[in-house]
Number of protein chains: 2
Amino acid sequence: MGTQEDVPSTQAGGGEKAQDRRVKRTQQLLARALITLTLEKGYEAVTIREITRYADIGYATFFRHYPDKDALLGSVLDVVLNELLTLFSLPLVQSNAVEDGQRLFEYVQQHHEVIRVLLRSGQSASFVERIVATGTQSTLAKNEQLGNSVVPREIAANHIVTTAITLTQWWLEHGMPYPPQTMGKIYYELIIRPTHAYDATHYLPPI
Amino acid sequence: MGTQEDVPSTQAGGGEKAQDRRVKRTQQLLARALITLTLEKGYEAVTIREITRYADIGYATFFRHYPDKDALLGSVLDVVLNELLTLFSLPLVQSNAVEDGQRLFEYVQQHHEVIRVLLRSGQSASFVERIVATGTQSTLAKNEQLGNSVVPREIAANHIVTTAITLTQWWLEHGMPYPPQTMGKIYYELIIRPTHAYDATHYLPPI
DNA sequence: CAGGTAATGATATACTGTATATCATAAGTT
DNA sequence: AACTTATGATATACAGTATATCATTACCTG
């Protein structure tokens, strides 16, 4: 309901110089406007004019900050992507995969509006492509036991990331009907377990 | 390389009246042009003017056939979607899942250019959304043993379809490095098996 | 808090791409 | 061969993007 949602501060964590208050204000208003309008009518349908009108910002001012709509969305994405990578860089132990999943869905729940927008933002700005590229590389790098006798490592890594995204998409579009804890288990059973080397003991029923 | 690719005849299988030769010709030229140009520079970047110029068709003529670019792509999609559903409607037996997968990847291989375009066509025309909706429903309807103690049925059905799509995407974008037969096995191990009810004997190493 | 700096708003303008209308011509149908 | 219909060419309206300019306002620094 609330337009007052929890938009990660548009200012990326990277080493940025302190900003003029006006700049910060403008950029935040634009980001909020984009998110609100996208949730209403879809990313492609939103025009820059609408964004600036909704944000009550001069039209030309938009281009002093971003070359186009995709760049504005990209600045939001930068923040989210960084936070997600941090989320998964903490635990290197594979056995904590369930908790990894739970943490992921807790984060998604907290920022559900922004993430819904990013996942719906179509091809041009492609949040999905960027997170897949980053995530796959990261997954492949840190995980030794990936893949089994049938499934090649590269496919497994790609599979984990893309599938985590589609599972998240499903969850968001169905109103987050299960708690993050349950989703963490599902994430493990459906995604992580099948991508790891065969170990018969893993495959016994949980009860 | 060849522009002369195997574009499923734009005329959908549904009950259509016989067309004027000129109409058929125009629509085929437009479809071919869209596919070729999209493979070159991406769907969003292609303009209707480029399509008509490449097809050597009058600009205004485009709108006598389709209201916009998405509609043109949609007509191609109709054909592919029908063929895919036919592909999976033949075998109702679950144990043939490996063959199902193999058939899927054989079809994708045959029509790889068109399918690459459809999978890259962004949000607005969203091929993916349509095939997910159709595919999920179909999967859910015909498969009884879907889901297990941890994974709900609806999630499992969605998972199968979306994951088959991302696996196809990976395969196409990496130049189809494994034969359809191998992909069929991977499809089964990575996607189908984890979504079915627990059965310890299933989970013993294949060798 | 005064003075310089920088961001903003408003306006004008150029440009690209979409979409529709009209009419003469060519191609197809029967 | 006569009728019908699709097409090409052209003109036009329109929406949305993108840049330039200048007066005004908010901000930061000393």
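Each chain gets a letter, A, B and so on, in the order the sequences are listed, and its residues count up from 1. Please read all numbers here as calculations on a predicted model, not as lab measurements.
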Pair B:Gln102-B:Glu106, side-chain donor/acceptor within less than 3.5 Å: yes
B:Tyr188 and B:Asn96 side chains, donor-acceptor separation under 3.5 Å: no
Protein-nucleotide distance ([X], atom [atom1]; [N], atom [atom2]), rounded to Å:
X	N	atom1	atom2	result
A:Arg25	D:dC28	CZ	P	13 Å
B:Phe63	D:dG8	CZ	P	14 Å
A:Arg53	C:dG9	CZ	C1'	16 Å
A:Ile51	D:dA18	CD1	C1'	14 Å
A:Arg22	C:dG9	CZ	P	10 Å
B:Tyr59	C:dA21	OH	P	14 Å
B:Phe62	D:dA6	CZ	C1'	16 Å
B:Glu50	C:dT18	CD	C1'	14 Å

Sub-6.0 Å ring centroid separation between B:Tyr178 and B:Trp171: no
Determine: side-chain N/O of [X] to OP1/OP2 of [N], distance under 4.0 Å, yes or no.
X	N	value
A:Thr61	C:dG9	yes
A:His65	C:dT8	yes
A:Thr26	C:dT8	yes
B:Arg21	C:dT29	yes

Salt-bridge contact A:Lys185-A:Glu99 (side-chain N to carboxylate O under 4.0 Å): no
Donor-acceptor pair present, A:Arg64 side chain and C:dA7 base, under 3.5 Å: no
B:Arg49 (side chain) and C:dT16 (base): donor-acceptor pair under 3.5 Å: no
A:Ala60 side-chain proximity, nearest of C:dG28, D:dA26, C:dA10: C:dA10
Atom CD of A:Glu40 with >12 non-hydrogen neighbours under 6.0 angstrom: yes
